[in-house]
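Computed from a predicted model, the values in this text were never measured in an experiment.
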Amino acid sequence: MSKNENTQSSSTSSTSSIPPSLISDLGRLNLTEERLRRYSDEANALISSTNETELRTEARFLREKAISKVLGNIKRSMEVDLCFVLDCTGSMEPHIAAAKDCISHVLNYIIHTNPSIKFRVGFCGYRDHNNKSDRLQIFDFTGQYERFTQYMHNVIPASSQNNDAPEDVLGGLDAAITQMDWQNSTRVLLHIGDCPPHGRRFTDLEDNYPDGDPNGLTAENVLEKMQSKNVLYFFGKITDHTEKMLQIFRTIIGEFPVFDLVGGDPTELIDKFINAASSSITIAVSLTSVIGNNSKDIYALQQRRLDMDQNEPNWDILPLQNGVIMWYRIPETPNNLKNPKYFNKSNLSSKSFSFKIASQPFSAGVEKYAYFARDIKSNPVKEMVMKEYLKMGERNNPLEKYLEAVEVSTIAYFLSTKFNLIAEQKKVNISKVNYLKVKLLRCSTIDVRTRYYAIEPKLNAEYKRFNVNTGVITKLRYTLEAFAHFTFEYTEGYLVVYDLQGIELNDEFLLTDPAIHCIDPLRFGGTNLGKDGINQCFLANHRCNDICKKLKLSRINNL
């Protein structure tokens with residue numbers, strides 16, 4: 001291992017401070033063989049070959065087969081059913097008006113940002129039980145948006161004669177779930193209302209049905225039907241009267257997005273509706289394309305997120321722990337990053353590391369848990385985040401997988417520095433794109449188990465996901481789309497850095513956890529969807545913008 005940390009730190013320890021067990025682990029590690037066998041395990045296959053050439057051939061076949069299956073799932077996930085479930089009582093008049101005017105804007109936004117997404121739209125309006133035949137209004141899914149808009153102009157708010165606050169929320173949700181013709185793989189229910197359902201468990205407001213829904217509906221049986229139909233729930237919040245309802249819903253289905261729809265200005269309200277509907281579509285497609293359309297898996301992820309402890313721990317009572325951090329030297333040329341052999345043990349640097357880590361994660365993704373941590377020896381103490389993979393195959397060496405994550409991060413960091421340099425040379429005034437320097441931490445726990453983490457500086461701002469490796473743009477930022485285009489051109493079509501996420505500051509993006517699509521399917525893990533992934537998830541969706549032009553990037557012709 002190299003003793004120098006290259007440009008990443010001025011403080012290193014001598015190799016003699018590295019534990020003998022780590023030296024032994026690295027000595028036994030055959031990165032190529034371990035990686036190929038892990039890829040076969042992830043494809044639920046067992047490779048019997050011992051010859052490296054045969055091993056590579058078998059692993060490539062399995063990876064290409066897995067990629068083909070994933071791309072098929074992604075294509076299906078781009079077909080969306082979007083249902084507006086709307087409280088249609090008198091107090092909701094401005095929000096009904098906004099819903100009438102927003103769908104054409106949503107359509108234009110989706111076409112502009114995610115042309116691969118196709119969606120049908122439907123509507124279910126609800127009032128209260130004494131409205132009888134006018135209690136529910138249903139317009140089934142259609143791809144003819146003019147018909148939807150025309151129907152919505154006939155939806156008129158009607159007050160209830162009961163003069164109590166709660167409405168037939170559960171009846172409206174149940175009707176949307178059971179009476180509408182859900183067909184597409186990605187199913188979105190965007191619920192917008194200002195009052196809770198009937199029943200003491202939902203509200204302390206005056207209620208003519210304090211024992212709950214008179215038809216016997218409960219939040220549990222309605223939301224369980226929703227889960228069984230693979231429908232994803234989103235909510236537009238207007239008042240605090242629905243807060244107790246949301247808390248109860250979360251205990252049943254886990255965490256879900258809530259949009260702020262408070263406000264009386266009609267133009268502002270329409271903009272909020274557009275954002276809520278567009279975001280619901282892109283978030284749902286992102287989940288479905290990555291996880292699949294099995295709601296059990298998606299809701300399990302939402303439940304994990306609900307169970308996280310988002311409060312920083314009491315650092316004083318946590319034990320001091322020691323380990324070793326490792327990182328790769330930053331490549332110097334595009335040929336370095338194209339060469340898998342560059343990322344081998346000889347280009348690893350390391351030093352000892354003292355830290356504290358929270359006992360419970362604060363966040364969970366599809367692949368990893370994230371923990372608050374502190375770099376104790378730095379002055380001042382640095383706030384860190386440590387990430388741990390949820391699942392590791394029994395036959396797989398975790399050291400190899402974490403090294404792969406560091407390799408991906410190192411390449412993204414290298415490309416972001418080149419992007420910033422070229423933008424500066426061409427005098428293109430844009431925010432910088434900076435990737436965090438991710439390192440691998442190896443440590444022994446109290447029970448003497450060896451554990452690994454990816455470790456990086458903590459981001460102290462709102463975390464955003466701008467796009468997904470499946471090609472979905474969740475928050476359009478022209479600089480980031482130009483950066484992805486740059487990575488493709490700079491590497492001569494070898495790879496694309498995508499799945500761009502992190503924080504957005506006034507003059508820079510600080511990003512982490514990238515994915516890389518590469519023409520070599522035997523690099524960069526399961527999120528690498530190969531040459532077809534570059535074509536279908538990036539090139540087919542990318543629209544060159546002014547920043548692409550100013551950087552003189554070759555035009556991507558996908559129209």
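Of the possible donor and acceptor atoms, none in the side chain of K382 sits under 3.5 Å from a partner among the backbone N and O of N379. With hydrogens and angles disregarded, no donor-acceptor distance shorter than 3.5 Å links the side chain of R187 to the backbone of D81. Using a distance-only test at 3.5 Å, with no hydrogens or angles considered, no donor-acceptor pair links the side chain of S280 to the main chain of L190. When atom types are taken as modelled, the side chain of N545 and the backbone of C548 share a donor-acceptor pair closer than 3.5 angstrom. Under a 3.5 Å cut-off, the side chain of S68 and the backbone N or O of K65 do not form any donor-acceptor pair. Of the possible donor and acceptor atoms, none in the side chain of N114 sits under 3.5 Å from a partner among the backbone N and O of S116. Within the 3.5 Å criterion, the main-chain N or O of A515 finds no donor-acceptor partner in the side chain of D499. Using modelled atom types, one side-chain atom of N469 and one backbone atom of T527 make a donor-acceptor pair closer than 3.5 Å. Judged by distance alone, with hydrogens and angles left aside, the side-chain atoms of K356 form a donor-acceptor pair with the main-chain N or O of W315 at under 3.5 Å. The closest donor-acceptor contact from the side chain of T487 to the backbone of V497 lies under 3.5 Å.
The side-chain heavy atoms of T491 and L415, taken from C-beta on, include a pair separated by under 4.5 Å. The closest side-chain heavy-atom distance from N420 to K418 is not below 4.5 Å. Using a 4.5 Å heavy-atom cutoff, the side chains of M78 and V285 are in contact. Side-chain contact between K426 and K552 is present, with at least one heavy-atom pair separated by less than 4.5 Å. Contact annotation: the side chain of L403 approaches that of L31 to within less than 4.5 Å [non-hydrogen atoms, C-beta and beyond]. At least one side-chain heavy atom of S416 sits under 4.5 Å from a side-chain heavy atom of F483. Using a 4.5 Å cut-off on side-chain heavy atoms (C-beta onward), N528 and L522 make no contact. The shortest distance between side-chain heavy atoms of V385 and Y371 does not fall below 4.5 Å.
Taking the ring axis of F466 as reference, the NZ or CZ atom of R477 does not stay both within 45° of it and closer than 6.0 Å to the ring centre.
The line from CZ of F509 to CD1 of I430 is 9.0 Å long, rounded to the nearest 0.5 Å. Note: I473 CD1 to H112 NE2 = 8.5 Å, rounded to the nearest 0.5 Å.
One finds no salt bridge joining K401 and E34 here, because no Lys/Arg side-chain nitrogen approaches an Asp/Glu carboxylate oxygen to under 4.0 Å. The residues E383 and R374 are annotated as salt-bridged, a charged nitrogen and a carboxylate oxygen being separated by less than 4.0 angstrom. Look at R38 and E400 and you find a salt bridge, because one of the NZ, NE, NH1 or NH2 atoms lies within 4.0 Å of a carboxylate O, short of that distance.
Looking only at atom types and distance, the side chain of Y478 has no donor-acceptor partner in the side chain of R543 under 3.5 Å away. N347 and R329 share a side-chain donor-acceptor pair at under 3.5 Å. If you check the side chains of N467 and Q501, you find no donor sitting under 3.5 Å from an acceptor. Defined by atom type and a distance below 3.5 Å, a donor-acceptor pair is missing between the side-chain atoms of Y402 and E388. Side chain to side chain, E79 and S185 fail the donor-acceptor criterion of an N or O pair below 3.5 Å. For the residue pair E508/N434, the side-chain donor-acceptor check at 3.5 Å is satisfied.
Within a 6.0 Å radius of NZ in K458, more than 12 heavy atoms belonging to other residues, nucleotides or ligands are found. The environment of K338 atom NZ is dense: over 12 non-hydrogen atoms of other residues, nucleotides or ligands sit within 6.0 angstrom. Counting non-hydrogen atoms of other residues, nucleotides and ligands closer than 6.0 Å to CD of E312 gives a total above 12. Sparse packing is recorded around NZ of K531, with 12 or fewer heavy atoms of other residues, nucleotides or ligands lying under 6.0 Å away. Other residues, nucleotides and ligands contribute at most 12 non-hydrogen atoms within 6.0 Å of the CD atom of Q360. More than 12 non-hydrogen atoms from other residues, nucleotides or ligands lie less than 6.0 angstrom from CG of N314. Counting non-hydrogen atoms of neighbouring residues, nucleotides and ligands closer than 6.0 angstrom, the CD atom of Q247 exceeds 12 such neighbours.
Under the 6.0 Å cut-off for aromatic ring centres, F234 and F256 do not qualify, their centroids lying 6.0 Å or more apart.
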Before giving the answer on side chain to side chain donor-acceptor pair (under 3.5 Å), spell out for R523 and Y39 the whole-Å C-alpha distance, their side-chain angles and the decisive distance to 0.1 Å. CA-CA 10 Å; R523 295 189 71 185; Y39 286 171; over 6 Å; no
Criterion side chain to side chain donor-acceptor pair (under 3.5 Å) on E407 and Y342, from CA distance to verdict: CA-CA 10 Å; E407 177 182 342; Y342 176 87; over 6 Å; no
Check the pair E456 / K387 against salt bridge (charged side-chain N to carboxylate O under 4.0 Å, His left out), numbers first and verdict last. CA-CA 9 Å; E456 62 192 45; K387 297 178 180 178; 3.1 Å; yes
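Using cut-offs of 30° and 60° for the angle between ring planes, the F249 and Y233 rings count as perpendicular.
Looking at Y490, F486, F488, Y413 one by one, the single match for ring pair (Phe, Tyr, Trp, His ring centres under 6.0 Å) with F419 turns out to be F486.
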